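Per chain, numbering begins at 1; letters A, B, ... match sequence-line order. Keep in mind that this is a model prediction, so the values were computed, not measured.
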Amino acid sequence: DAMVIQNPRYQVTQFGKPVTLSCSQTLNHNVMYWYQQKSSQAPKLLFHYYDKDFNNEADTPDNFQSRRPNTSFCFLDIRSPGLGDAAMYLCATSRRRRAANEKLFFGSGTQLSVL
Amino acid sequence: QKEVEQDPGPLSVPEGAIVSLNCTYSNSAFQYFMWYRQYSRKGPELLMYTYSSGNKEDGRFTAQVDKSSKYISLFIRDSQPSDSATYLCAMSVGNNDMRFGAGTRLTVKP
């Protein structure tokens, strides 16, 4: 089945130690998104790629970076994780860019803990 | 005031009950309204999608949008234990990003 796959499911890192989360998709969608979801809060968009065009949200901290080496893969790099970065990180894809009625396909998420 | 408000619950109902989940919003420009279902330790999946005001029915699920009141609802008839999940409302304007609610956690007890 075509899907969005995130690895790992659970990631534990130390305060200040760089960490990379990965996402792959078999849907061949043009757009890939990274969301941060803290407990009992709404998912918050960090950035998205439309093909190779990177789009950062205005309030996304510089500590968060992303790479998309090809259509299928996208990575989230957290350069110096703080305790406040502990959250579920969700990768999503869509066919079109920010179209109002565009369906998002989500991965199962990576739960990040920062010790 | 948050752009999208959703009661986080938790909400617990017996099997077979009718469930009502709701969101309110402040941006009158929102035109597209969605409900996502998120099972524990999984990503959200699209459940229902409606455009502007009105009702939409899909099996046991009915989505309602009242733009005049800035209020949307999701009704689940004959609820099942398999409906136990967190339900997130989401909405958007034209080409803008979706805005999500915080989600309501629902438990349907056998």
Side-chain angles (χ1 to χ4, degrees), chain A residues 1-11 21 23-25 27 29 31-50 55-60 87-113, chain B residues 1-11 21 23-27 29-52 54 56 58 63 65 67 72 85-106:
Chain A
D1 285 341
M3 52 178 33
V4 181
I5 302 166
Q6 290 188 245
N7 284 304
R9 292 293 307 276
Y10 301 94
Q11 176 74 56
L21 310 181
C23 177
S24 64
Q25 55 129 340
L27 297 160
H29 282 172
V31 194
M32 295 187 78
Y33 308 80
W34 280 104
Y35 283 85
Q36 179 193 63
Q37 186 181 25
K38 296 187 176 180
S39 180
S40 301
Q41 294 185 24
K44 177 181 179 300
L45 182 64
L46 295 174
F47 25 59
H48 78 276
Y49 273 95
Y50 176 71
N55 297 270
N56 203 27
E57 294 302 299
D59 56 355
T60 298
M88 171 79 86
Y89 289 88
L90 294 164
C91 174
T93 71
S94 67
R95 285 180 303 126
R96 294 175 296 167
R97 180 182 186 172
R98 296 195 185 191
N101 59 345
E102 188 67 23
K103 179 178 177 179
L104 293 180
F105 292 79
F106 283 89
S108 293
T110 294
Q111 183 68 50
L112 177 69
S113 299
Chain B
Q1 182 189 10
K2 291 180 186 175
E3 228 173 345
V4 180
E5 297 273 5
Q6 184 175 10
D7 186 341
L11 182 62
L21 304 168
C23 287
T24 59
Y25 60 93
S26 58
N27 187 348
F30 284 137
Q31 295 185 74
Y32 297 89
F33 303 91
M34 287 140 282
W35 286 94
Y36 281 81
R37 179 174 59 194
Q38 185 174 21
Y39 289 115
S40 181
R41 291 185 288 276
K42 295 282 190 181
E45 56 178 339
L46 183 65
L47 192 61
M48 298 281 287
Y49 153 74
T50 52
Y51 170 70
S52 196
K56 186 173 184 178
D58 183 2
V65 175
K67 289 193 74 179
I72 70 170
T86 296
Y87 290 80
L88 298 145
C89 63
M91 47 200 78
S92 65
V93 181
N95 285 326
N96 286 357
D97 300 304
M98 260 190 282
R99 295 287 183 262
F100 283 90
T104 300
R105 200 166 119 208
L106 171 68

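- Residue B:Ala102 comes nearest to A:Ser40 through the heavy atom pair CB-O, 3.5 Å, listed as atom of the first residue, atom of the second, then distance.
- For B:Lys67, the NZ atom sits in a packed shell: over 12 heavy atoms of surrounding residues, nucleotides or ligands are nearer than 6.0 Å.
- Note that OH of B:Tyr36 and CZ of A:Phe106 are 5.5 Å apart. Values are rounded to the nearest 0.5 Å.
- Atom CE of A:Met88 sits about 9.0 Å away from atom CZ of B:Arg41, to the nearest 0.5 Å.
- Atoms CD and OG1, from A:Gln37 and B:Thr86 in turn, are 8.0 Å apart once rounded to the nearest 0.5 Å.
- For B:Gln6, no part sits under 4.5 Å from any heavy atom of chain A, backbone or side chain.
- Under a cut-off of 6.0 angstrom, the local environment of OH in A:Tyr50 is sparse, with at most 12 non-hydrogen atoms contributed by other residues, nucleotides or ligands.
- Considering only heavy-atom pairs separated by less than 4.5 Å from chain A, the leading option among B:Gly103, B:Pro44, B:Ala90 is B:Pro44.
- The line from CZ of B:Phe100 to CG of A:Leu90 is 8.5 Å long, rounded to the nearest 0.5 Å.
- Heavy-atom distances place no part of A:Gln111 under 4.5 Å from chain B, backbone and side chain included.
- Using a 4.5 Å cut-off between heavy atoms, A:Tyr10 touches chain B through its side chain atoms alone.
- Between chain B and the options A:Gly107, A:Ala92, A:Pro43, the largest number of non-hydrogen pairs under 4.5 Å is found for A:Pro43.
- Atom-to-atom distance recorded for B:Arg99:CZ and A:Leu45:CG is 8.0 Å, nearest 0.5 angstrom.
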